[in-house]
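One structure below.
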Protein chains: 2
Amino acid sequence: MDMLTLALEPESSTPLYEQLYLHIRQAIVDDTLTTGAKLPSKRKLSDFIDVSQTTVELAYAQLLAEGYIESVPRKGFYVLPQEELYVRRSDNPIKPLPQKKTYTFDVYPSQIDTTAFPFERWRRHLKQVVTEENRDLLALGSVQGDLVLRQEIATYLYHSRGVSCSPEQIIVGSGTEQLLPQLLDLLTDAKTFGIEDPGYPLTKQLFEHQNRHYVPIPVDESGLVVDRLETERIDAVYVTPAHQFPTGTILSVSRRQRLLNWALEHQTYIIEDDYDSEFRYSGKPIPSLQSMDQNERVIYLSTFSKSLMPSLRIGYMVLPPQLLNRYRERYRHFTCSVPRFEQHTLAEFMANGDFEKHLNRMRKTYRRKLEIVTAAFKPYEPTVSITGASAGLHIILSINVPHSTETLQHMAESSGIRIKAMEDYYIRPQHLHPQFLFGFAALSEAVLPIAVARLMSCWNVTKGGTSTD
Amino acid sequence: MDMLTLALEPESSTPLYEQLYLHIRQAIVDDTLTTGAKLPSKRKLSDFIDVSQTTVELAYAQLLAEGYIESVPRKGFYVLPQEELYVRRSDNPIKPLPQKKTYTFDVYPSQIDTTAFPFERWRRHLKQVVTEENRDLLALGSVQGDLVLRQEIATYLYHSRGVSCSPEQIIVGSGTEQLLPQLLDLLTDAKTFGIEDPGYPLTKQLFEHQNRHYVPIPVDESGLVVDRLETERIDAVYVTPAHQFPTGTILSVSRRQRLLNWALEHQTYIIEDDYDSEFRYSGKPIPSLQSMDQNERVIYLSTFSKSLMPSLRIGYMVLPPQLLNRYRERYRHFTCSVPRFEQHTLAEFMANGDFEKHLNRMRKTYRRKLEIVTAAFKPYEPTVSITGASAGLHIILSINVPHSTETLQHMAESSGIRIKAMEDYYIRPQHLHPQFLFGFAALSEAVLPIAVARLMSCWNVTKGGTSTD
DNA sequence: ATGGATTTGTCCGTATGTATG
DNA sequence: TCATACATACGGACAAATCCA
């Protein structure tokens, strides 16, 4: 080892031992110090370069830990064989993300009204939860989610959705995206799933990601066409009975009865996604399918994305006993993916009645917005007609003009309106007259009529109900 | 319709229209009102039972919405066909969960010291994040996690782990459990994965849950036996180079070089799980494998479970460009599973230097605990010998007594000590002398010597290094 | 066959008690 | 405390369907 090249800088901010370590490492990598070479003894080296023995010791220890040298006790340190590191320039460029257009009016569904969120109350509960006394919450909690939250969810479900279950049947997770794959994993016997067509696009994608076979089942004005389950030899089915997405239809009672009987007969399961049942504006809420089931065939699934905020990432599912047992066997060593601080904050929020209050307030808000929107579209009837206006956060516009859906969408886009066509939700392409989803949740009461007017004018729809071209 | 039976209670807390709805519904379900039967007109019924037209109207509207009746405009309401609901008593009992034993001393690894968590600072950042001005945070953010957090992680990784990456290469998620399956999904070409044996049990389970084929690769004192990757025809490999779990070995430099060359040659990927690299108590931190790689072959994976708290559920991975492009294609329409409030709180926590401070404090704490533990075990040498004491939150005890691992574990359990045996981490069963993991993070400095003494006495190990039986 | 009376669902304005802020 | 808004309930106006002289 050419110790003459070892010029250490005592004034440098990098410690001496590290400088020494780096020097020797470089020499080894360079092959200046070859395999089997003996390093100078601590004493010799420390004398020679005028540093303490400890400095050398630390440097050698680091080289030893990282595997550059080996130590033969009472003999010395020896350089270990090195491998040449090959480099092949393979510059894979990162493809830039598509530029996000900015729109003047965004009426996509899935958005919510964020202006009324009770930050003050949420902060208060957070503050109460994130304290020294709750330091247990730093450790891992139950796989299914913490009991306090599951209890709150159970009583909420019972009172507002007629779902009767014990807290131990509830699994808390980061939304449908995380829960549905887990659930599919439990439904091992089901080879072919039925899903609604049109339906929520993510559902389809989750089935594909899990490599599970699915068949699109049509939806009509009474909801899912249940008879198809028999003809298509479906093993298990995914439905949104209370408010079908995106059509907004309610699964009729006779369909429900047939569906439940079908599940009983085939001893299989119905996945009920109750994603936005909180918001119904006329009459009592539509009962959940789970509440009509006496045979433990329904898995109830929902989230807080619409009722609180999409970014909270808290959802839950209610498993029938048989599936629960299977879940516990299979996921025993897993962890609930929702932060415990969030879980307890939400539990407090619900226990205090804040959740109920917030739901009532939001129902009011959305009802008013819905009224504004329907009133704003009224003058354009019958060129434009509205359906699905009794629940949810969007309505369906049926447009009677001599343009294709695609053309209308482009016209809207170039007028700064982001709007989703009904066609896009179909798995099997359909030829229908143009329909669009108009999500009214995110826009303010003042903006909504302007957005409607802009949409109508860009489509050349005039009041009185005739198109000008 | 036998309207005589319609006795409504005006004083009841359930509104009149709901009572009426329930009555009629019952009659339909009972088959008292059969399919096709015409309901009395609004006026007639309201006259007869002496309620307003609106009351009847509301009741009919609800029945209509739920699909019990249909409306023929200007003609009347007619009962729709009903299906009999079959019930088959299938009482699947919920299996009770195994009672959790309570232990006086819990020295499982995976626990952390919770006494020093800076609740005050965390609360402050939370309070700053959860405000009306940040109401955008209620809506969904980027799939990969919010940019502010990814930027903080990128600079942290660069300074503390030598990992060089841009924020856009980072994917934030709810820990390894959620990220690894996503990653496996991207590594479609890899048919056979190599994983460390012994290793983290969850890794194995995640591969099994994803139905991916894996081969256990042995670990020796230099870490993963890289040569086996060739002989076992491995396509991609999962490693913990900086501090192998559970053995605590460091992947030696020559092994790293060979590993990187192997990946380059086969154009495949190395998954580097850097799960607890923050805690190293002698010398500089062990460099990350990613920092040595110049060929975009390493996926860096880590979490905040050890450094902050396990219940936070925030982890991240750094994808090489090619995989990032694939990820963006495939997960475009998905959502980051970490709540945005948490993401921004953590980002603030890091930006303020609080994270760095906390890490330094915890390193000091754990180092002191480690010293206490090694000192406490010292008198029992050589019956008990310690390895892996330069990093991490646990050490390895090698026990030289004439008892089996199983016996020793039972002895510990009946003395109120929860301890994990090394054997349990092996995929391929091994016959070795008894080894145990002693996690020292959760116990206090005062309790640690007591726990050690209790463990030694229950195993009949006496000071001076001989076993009494 | 026909026209007017009747019945029907639909739509709307309003009163009252209660919950909300 | 008080004003507001909403659920519930009431009764009537309207137009379409039906019925019958």
Any B/Arg43 side-chain N or O less than 4.0 Å from OP1/OP2 of D/dG11: no
Phosphate-side-chain proximity, A/Arg361 and C/dG21, N/O vs OP1/OP2 below 4.0 Å: yes
Nearest-angstrom distance from the residue atom OH of B/Tyr17 to C1' of D/dC6: 12 Å
B/Leu58 CG - C/dT10 P separation (whole Å): 13 Å
Side-chain N or O of B/Lys44 closer than 4.0 Å to phosphate OP1/OP2 of C/dT8: yes
Set of salt bridge (charged side-chain N to carboxylate O under 4.0 Å, His left out) partners for B/Asp31, sequence neighbours left out: none
Ring-ring centroid check A/Tyr366 A/Tyr281, cutoff 6.0 Å: no
D/dA9 phosphate, OP1 or OP2, under 4.0 Å from B/Ser52 side-chain N/O: no
Euclidean distance, atom CG of residue A/Asn360 to atom C1' of C/dG21 [Å, nearest integer]: 13 Å
Per B/Lys42 side chain, nearest of listed nucleotides D/dT8, D/dG11, C/dT10: C/dT10
Distance in angstrom units between A/Glu120 CD and C/dG21 P, rounded: 14 Å
Base C/dG9 paired with B/Ser41 side chain (donor-acceptor, <3.5 Å): no
B/Phe341/B/His125 aromatic ring centres below 6.0 Å: no
First of B/Gln53 and A/Arg367 reached from the 5' end of DNA chain D, by closest nucleotide: A/Arg367
Any B/Ser71 side-chain nitrogen or oxygen under 4.0 Å from OP1 or OP2 of C/dT10: yes
Of the listed nucleotides D/dA9, D/dC6, D/dA17, the one nearest the side chain of B/Pro15: D/dA9
Side chains of A/Leu179 and A/Leu301 in contact at under 4.5 Å (non-hydrogen atoms): yes
Contact under 4.0 Å: B/Ser46 side-chain N or O vs D/dC10 OP1/OP2: no
Between D/dC10 (P) and B/Asp47 (CG): distance, integer Å: 12 Å
Between C1' of D/dC6 and OH of A/Tyr366, the distance in whole Å: 19 Å
Selected nucleotide, minimal atom distance to B/Leu16 side chain, candidates C/dG9, C/dT8, D/dC10: D/dC10
Side chain proximity check, B/Arg135 to A/Phe117, heavy atoms < 4.5 angstrom: no
Protein-nucleotide distance (B/Leu64, atom CG; C/dC11, atom P), rounded to Å: 12 Å
Sugar-phosphate only, base, or nothing, as touched by A/Arg368 at under 4.0 Å among non-hydrogen atoms: sugar-phosphate
Rounded distance in Å - NZ (B/Lys38) to P (D/dA17): 15 Å
